[in-house]
Amino acid sequence: MEGIDKNKIEEEIHNEPSAENPFTLLDLKLTHVENKAAGVPAVMAAFSDLFEEKTPVRGMRALFKMNQMGGFDCPSCAWPDPDDERSALGEYCENGAKALAEEATTKTVTPEFFKQNSLSDLAKLDDYQIGKMGRLTDPVYLPEGGTHYEPISWDHAFKKIAEHLNALESPDEAAFYTSGRTSNEASFVYQLFAKEFGTNNMPDCSNMCHETSGSALRPTIGIGKGTVTLEDFHDSEVIVIIGQNPGTNAPRMMSALAKAKKNGAKIIAVNPLPEAGLMGFINPQSVKEIITGGVQLADLYLPVKINGDMALLKALELLLIEFEKNNPGKVFDNQFIEEKTTGYEEFLKQFDHYKLEELAELSGVSKEALCQAAEMIAFKKRIIISWGMGLTQQPNGVDMLREILNIILLKGSIGIQGGGLCPVRGHSNVQGNRTMMIDEKPTDEQLDRLENFFGFKVPRKHGYDVVRAIKAIHEEKIKVMFCMGGNFLSATPDTTYTAHALRKLNLLVCVSTKLNRGHLVHGKEALILPTYGRSDKDIVNGEIQIVSTENSMGVVQDSKGMLDAVSDNLVNETQIVCRMAMATLGEKAVVNWQRYHDSYDAVRDDIEQCIPGFEDYNIRVRQKGGFYLPNAARDEQYFSKELGGRAPFTLTEIPDNTLAADEYMMATTRTHDQFNTTIYGLDDRYRGIKNERRVIFMNQKDIDKAGLKAGDKVDLYNYDDNIERVAPLFIIVSYKIPEKNTVTYFPETNVLVSVNNVVKESNMPASKYVKIKIKKHDPEVYKKVDEMLYRGAIQRP
Ligand SMILES: Nc1nc2c(c(=O)[nH]1)N[C@H]1C(S)=C(S)[C@@H](COP(=O)(O)OP(=O)(O)OC[C@H]3O[C@@H](n4cnc5c(=O)[nH]c(N)nc54)[C@H](O)[C@@H]3O)O[C@H]1N2
Ligand SMILES: Nc1nc2c(c(=O)[nH]1)N[C@H]1C(S)=C(S)[C@@H](COP(=O)(O)OP(=O)(O)OC[C@H]3O[C@@H](n4cnc5c(=O)[nH]c(N)nc54)[C@H](O)[C@@H]3O)O[C@H]1N2
Ligand SMILES: [Mo]
């Protein structure tokens with residue numbers, strides 16, 4: 001049985017952690033009741049980051065305002081806040097506090113700093129060191145051939161951008177990237193500017209994140225978003241968490257899971273790694289729980305092989321069909337299937353060919369465990385399936401999410417209390433960015449509305465997504481790249497290829513809060529424009545402004561920063577766009593950019609006119625807890641418009657995951673100590689890793705078979721497209737992971753992800769499905785590593 005063996009865990013945590021016994025390296029806090037210190041390390045870690053950033057008082061004050069009504073939205077993940085009651089101790093988590101510490105730091109990167117440090121000096125630092133330099137204080141400019149960024153006035157910076165944009169032969173030679181923290185207000189004006197300028201080239205971080213979810217859901221349930229609210233979690237009977245690591249990446253989800261459990265829900269976790277956050281939880285905000293030891297979370301843990309999920313889902317369906325045969329009408333919701341779906345008969349037919357044994361083998365999970373899982377859901381209705389990057393970053397991710405939908409449709413578990421689909425978003429406003437039409441392929445309906453309201457001709461041709469943009473930059477079809485936040489270089493795949501591309505740009509502009517590697521690998525000219533973070537006071541015309549964001553569950557809420565900015569020379573993102581628009585479009589502008597520049601309320605008034613669901617935006621955004629956007633799938637069980645409100649069952653295939661004898665599958669994930677490319681620290685506490693990021697998790701049997709040892713130094717290779725890609729110097733960690741599977745951290749291993757290794761339909765990098773070879777570390781390897789290593793694109797191991 002693959003369920004959690006409590007006694008075993010108990011026994012293990014009394015052993016000293018060792019490389020041979022890595023399961024015990026998991027943070028004790030999440031494994032056993034006896035671990036009384038459990039909740040405390042998280043709180044300690046949170047506060048220690050604030051101290052490290054020399055900002056304890058400032059940071060603590062802010063921490064208590066974070067995610068409170070009238071406070072600001074946590075800049076970390078997109079997990080929702082409770083609609084009503086919010087903990088007086090604070091609606092934050094360890095990683096939210098770390099994100100805040102990064103933003104609230106009083107260390108600064110000034111023009112003097114840039115004068116003293118050349119780009120090649122900065123390139124020698126690792127990502128952790130670069131990030132710790134502090135907040136950017138002033139706009140800086142790198143002239144062609146320059147070795148140092150130099151101070152520049154805002155007016156001059158906008159003039160440079162305008163000159164470059166206006167010199168292009170076509171607006172499609174520019175691209176406008178967005179990371180997911182940008183507020184609704186800034187997002188709206190940003191996409192509007194791109195369209196008035198004349199292009200839909202708006203690659204964004206969704207293209208690496210939940211594009212797969214959108215691609216799977218939009219054509220099937222009619223909306224590319226989830227269908228549950230936070231309340232639904234509390235009311236559910238079964239929660240399946242697949243391909244997601246909530247303990248690290250959405251820690252406040254843990255409170256919802258714990259509450260669900262208290263209400264009787266069962267949890268099934270599907271993951272190649274027994275992530276600590278899936279196993280147990282001690283609420284760090286509850287003194288009682290810290291003392292009593294908290295709750296066990298997963299009732300059943302299924303150690304799926306990387307990309308074995310499709311076989312696993314089909315096995316569950318096969319078993320559910322069996323259950324339904326033996327208990328007609330008790331397992332499937334036949335009325336729902338009849339009235340609300342299409343394609344049921346064809347869907348059933350495929351199961352004549354599947355055998356449980358084969359599916360179990362392909363998934364890596366035992367038959368018994370699969371039966372147990374099927375039993376847990378067969379007679380339940382209120383089922384939530386939540387997922388993250390473990391599924392979206394797989395080549396067949398779109399199909400796998402549709403397979404999840406198939407299960408939900410069989411059970412009629414959508415659009416009901418306590419049941420539905422839950423893609424757990426990443427960046428705090430990535431969902432809002434899309435609602436605001438930051439999208440390389442906006443729909444005609446969206447564009448018509450903009451065109452009617454503003455009266456200028458909007459571009460209709462679809463633009464480049466992230467992967468296509470990288471290639472277009474390489475081919476010199478894109479010459480100017482503007483990045484609203486993020487770290488395009490390090491977040492994207494195929495680092496060497498991408499770095500070569502970025503160096504060809506005429507101009508790279510980054511609107512940023514902090515220095516990152518993306519600023520060091522530049523175009524012929526480059527600009528860094530410093531801006532406010534979520535926690536900073538955003539003052540326009542003498543008044544502190546509110547902005548708004550949309551969380552993972554479609555709630556739009558206000559956010560009001562409260563920290564004094566580290567510099568008087570920051571400009572907010574909305575005004576940056578407006579000033580860029582006025583400088584670039586001048587007299588030609590149809591949009592009244594000055595009006596938006598002077599008032600966020602004006603921006604919201606016009607969002608209301610152009611995007612459905614934002615009626616009375618300015619009033620409702622100021623109401624306690626904000627408001628829900630309409631969601632017909634969730635609210636009315638109304639799905640695809642094309643299918644008359646029904647949702648189709650989808651027929652999918654099981655992928656062939658055969659590996660050569662010396663090949664392994666690698667998934668790239670986050671540590672507990674990073675936010676994407678921002679490295680908070682060098683530990684991965686829950687997985688028992690301290691002070692090192694260049695590690696590779698391997699199964700002990702594979703280590704033995706390869707004639708290696710835990711602790712050995714190795715180099716990692718990928719050979720997609722017949723190109724040799726190498727990531728030098730990693731340390732082997734023996735870990736509880738399926739055979740032939742390995743896990744490493746990004747961004748270090750992005751150099752191994754081919755730009756052509758993408759998800760079918762969503763075109764996202766398949767960063768959790770990278771075929772690698774592992775060779776004993778050879779010091780000569782550095783000769784193979786591209787000169788980019790020495791020019792800053794990749795950090796020196
Ligand atoms: N503290 C912190 N919070 C964050 C972020 C951060 O970096 N730090 N990033 C934010 C962003 S942008 C996002 S998108 C989210 C990401 O949040 P997650 O989706 O949790 O992201 P990952 O860390 O990439 O890991 C996902 C999980 O997938 C598992 N996995 C890998 N391959 C497979 C597979 O084939 N099948 C299954 N079933 N599982 C697999 C991994 O073991 C891992 O547990 O978090 C957001 N929140
Ligand atoms: N191999 C691999 N690659 C991945 C992933 C993976 O799992 N594996 N995950 C992918 C995912 S899910 C995502 S979302 C992307 C993330 O890709 P990005 O969003 O591009 O990257 P981040 O690291 O989140 O960006 C960090 C930078 O944003 C800036 N910043 C922070 N806050 C603000 C703000 O409020 N305003 C502005 N203007 N700038 C700000 C800072 O300068 C900081 O250095 O990475 C993707 N890349
Ligand atoms: Mo993400």
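By convention here, the first residue in the shown sequence is residue 1. One-based numbering, in listed order, for ligands and for the atoms of each.
- Ligand-side atoms of ligand 2 in range of Asn516: 27 (C), 42 (O), 43 (C), 44 (O), range being under 4.0 angstrom from any heavy atom.
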(request) Check the pair Arg434, Glu211 against salt bridge (charged side-chain N to carboxylate O under 4.0 Å, His left out), reporting the backbone distance first and the verdict last. (result) CA-CA 10 Å; Arg434 270 293 156 88; Glu211 190 72 57; 2.8 Å; yes

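- With rounding to the nearest 0.5 Å, the separation of NZ in Lys514 from OG1 in Thr677 is 11.0 Å.
- At a 4.0 Å heavy-atom cut-off, ligand 2 touches Val511 through backbone and side chain alike.
- Remark: the Tyr769 side chain and the Asn396 side chain contain no N/O donor-acceptor pair separated by less than 3.5 Å.
- Within 6.0 Å of CD on Glu663 lie more than 12 heavy atoms contributed by other residues, nucleotides or ligands.
- Near Gly485, meaning under 4.0 Å from one of its heavy atoms, ligand 2 places the atoms 37 (C), 38 (N), 39 (N).
- If you number the atoms of ligand 2 from 1 as listed, the ones under 4.0 Å from a heavy atom of Tyr177 come out as 17 (O), 18 (P), 19 (O), 20 (O).
- Sorted by chain and number, the residues within 4.0 Å of ligand 1 by heavy atom are Cys77, Asn95, Cys209, Ile242, Gly243, Gln244, Asn245, Thr248, Asn249, Val270, Asn271, Pro272, Leu273, Glu275, Val304, Ile306, Asn307, Asp309, Gly388, Met389, Gly390, Gln394, Gly426, His427, Ala667, Thr669, Arg670, Gln674, Phe675, Asn676, Lys768.
- Side-chain contact annotation: Ser428 with Arg534, donor-acceptor N/O pair under 3.5 Å present.
- Looking at heavy atoms from C-beta onward, Phe113 lies out of side-chain contact with Thr108 at the 4.5 angstrom threshold.
- Cation-pi check for Lys98 over Tyr680 is not met; the charged atom does not lie both under 6.0 angstrom from the ring centroid and within 45 degrees of its normal.
- Atom CD of residue Glu550 and atom CG of residue Asn184 lie 7.0 Å apart, to the nearest 0.5 angstrom.
- Taking any N or O of Lys514, backbone or side chain, at least one lies under 3.5 Å from an N or O belonging to ligand 2.
- Here Glu103 has no heavy atoms under 4.0 Å from ligand 2, in either its backbone or its side chain.
- Geometrically, Arg181 engages Phe675 in a cation-pi contact defined by less than 6.0 Å to the ring centre and at most 45° from the axis.
- Near Thr531, with a cut-off below 4.0 Å to any heavy atom, the atoms of ligand 2 are 36 (N), 37 (C), 38 (N).
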